[in-house]
Amino acid sequence: MDDIKEITERLDMDRLPVHVAIIMDGNGRWARKRAMLRTEGHAEGVNSVNRITRLASDLGIRFLTLYAFSTENWKRPREEVDALMHLIGWTIRKETPDLVKNNVRIHLLGEIDRLPESVRKDLEEGRRATSGCTGLNLNICLSYSSRWELTNAARKIASLVEKGEFKPEDITEDTVASMLSTKGIPDPDLLIRTGGEHRISNFLLWQCAYSEFYFTPVLWPDFDNKAFAEALADYQNRERRFGMTSDQVAEKTSESTE
Ligand code: FPP
């Protein structure tokens, strides 16, 4: 990659986020600006998915979570949903050899059972083929929403309590986290939303409790390596306090580097 050197020189490579989550917004507007079909915007969005996955992997980021299709997206016109499903299956089929080559492991988050069978097959094949990869973990959220996930977790916990396997007073934050589709994945350090909206649209509500948010007007198909590097640089300028004071954070940082 041409600009990787330039990017790594600009960033503090010891302070990269471990987990970056992205709400990929603006495909439709990108297409409309060019008098193209919305589905053509989604197809262009796939190029950004490939580009950003590659850069995240090259930088050594451990987790990249992409909001590819929300529970609410099922309400879109039938033709758009069909086209998106087809595009997602096709992309996974086409990109799996490269993902394996780059040591990227696919994980699927969401109500995968709701997807068409052919897409499920492509996804399952991609997941299986990359299951031995140890580099970047690429979490693809499909038919995902945070409220769905939290409701599901509540049901699972209630059922364990009903069976007598758990006492209500034993339920901790870790219990809840272990019932989510992100079980075992550290919370996102950085949440990026492209496309200019300032909301999180039912995405990782539990997991983003302490994430840094980065909103950019750049439409997803235009989100290039430079734009991603800018988000990472912005993140590195933030002070993450996790409820503590600045002085406490400074003290903790100096202790950990001693
Ligand atoms: C939001 O833009 C984008 C989506 C709903 C779909 C994003 C999906 C992809 C880019 C394909 C991902 C594929 C894989 C394999 C991960 P929008 O349509 O809401 O844009 P608008 O707000 O401008 O209308």
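All ligand and atom numbering here is 1-based and tracks the order in the structure. Basis for what follows: all heavy atoms, side chains included, without hydrogens, waters or symmetry-related copies.
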Asker: Taking only non-hydrogen atoms of Ala68, do any sit less than 4.0 angstrom from ligand 1?
Answerer: yes

Asker: What do you reckon, does Leu87 put a non-hydrogen atom under 4.0 Å from ligand 1?
Answerer: no

Asker: For Arg29, counting its heavy atoms only, list the atoms of ligand 1 lying under 4.0 Å from any of them.
Answerer: 21 (P), 22 (O), 23 (O)

Asker: Hey, does Arg76 sit under 4.0 Å from ligand 1 if you only count heavy atoms?
Answerer: yes

Asker: I'd like to know if the side chain of Thr53 pairs up with that of Asn50 as donor and acceptor (distance under 3.5 Å, no hydrogens or angles considered).
Answerer: no

Asker: At the 4.0 Å heavy-atom cut-off, does Arg38 count as touching ligand 1?
Answerer: yes

Asker: Could you tell me the residue and atom name of the protein heavy atom closest to atom 11 (C) of ligand 1, and the distance to it rounded to 0.1 Å?
Answerer: Val46 CG2, 4.0 Å

Asker: Using 0.5 Å steps for rounding, measure from the CG atom of Leu115 to the NZ atom of Lys121.
Answerer: 14.5 Å

Asker: If we count only N and O atoms by modelled type, under 3.5 Å, do the side chains of Glu44 and Asn27 hold a donor and an acceptor together?
Answerer: no

Asker: Considering the heavy atoms of Gly28, write down every atom of ligand 1 situated less than 4.0 Å from one of them.
Answerer: 17 (P), 18 (O), 20 (O), 21 (P), 23 (O), 24 (O)

Asker: For Asn73, is at least one N or O under 3.5 Å away from an N or O on ligand 1?
Answerer: no

Asker: So, Glu149 and Gln207: side-chain donor and acceptor under 3.5 Å apart, yes or no?
Answerer: yes

Asker: Identify the closest protein heavy atom to atom 4 (C) of ligand 1: which residue and atom is it, and at what distance?
Answerer: His42 CE1, 3.9 Å

Asker: May I ask you to check whether Ile140 has an N/O atom sitting below 3.5 Å from an N/O atom of ligand 1?
Answerer: no

Asker: Which of the numbered atoms in ligand 1 are under 4.0 angstrom from any heavy atom belonging to Met24?
Answerer: 1 (C), 2 (O), 3 (C)

Asker: Which atom pair, heavy atoms only, marks the closest approach of Phe203 to Cys141?
Answerer: CE1-SG, 3.8 Å

Asker: Could you tell me whether Tyr67 and ligand 1 have an N or O pair separated by under 3.5 Å?
Answerer: no

Asker: Which heavy-atom pair separates Arg114 from Ser143 by the least distance, and what is that distance?
Answerer: CD-OG, 3.8 Å

Asker: Specify the protein heavy atom at minimum distance from atom 10 (C) of ligand 1: its residue, its atom name, and the distance to 0.1 Å.
Answerer: Asn27 ND2, 3.5 Å

Asker: Just checking, is any N or O donor in the side chain of Thr175 or Ser178 under 3.5 Å from an acceptor N or O on the other one?
Answerer: no

Asker: Can you confirm if the NZ or CZ of Arg34 lies within 45° of the ring axis of Trp30 and under 6.0 Å from the centre of its six-membered ring?
Answerer: yes

Asker: Please report the C-alpha distance between Glu255 and Lys252 in whole Å, then the side-chain angles of each, then the deciding distance to 0.1 Å, and finally whether the salt bridge (charged side-chain N to carboxylate O under 4.0 Å, His left out) criterion is met.
Answerer: CA-CA 5 Å; Glu255 274 168 19; Lys252 217 163 163 246; over 6 Å; no

Asker: For atom 17 (P) of ligand 1, what is the closest protein heavy atom, and at what distance to 0.1 Å?
Answerer: Asp25 OD1, 3.6 Å

Asker: Is the CZ atom of Arg238 crowded by more than 12 outside heavy atoms at less than 6.0 Å?
Answerer: yes

Asker: Can you pull out the closest protein heavy atom to atom 13 (C) of ligand 1? Residue, atom name and distance to 0.1 Å, please.
Answerer: Ile88 CG1, 3.9 Å

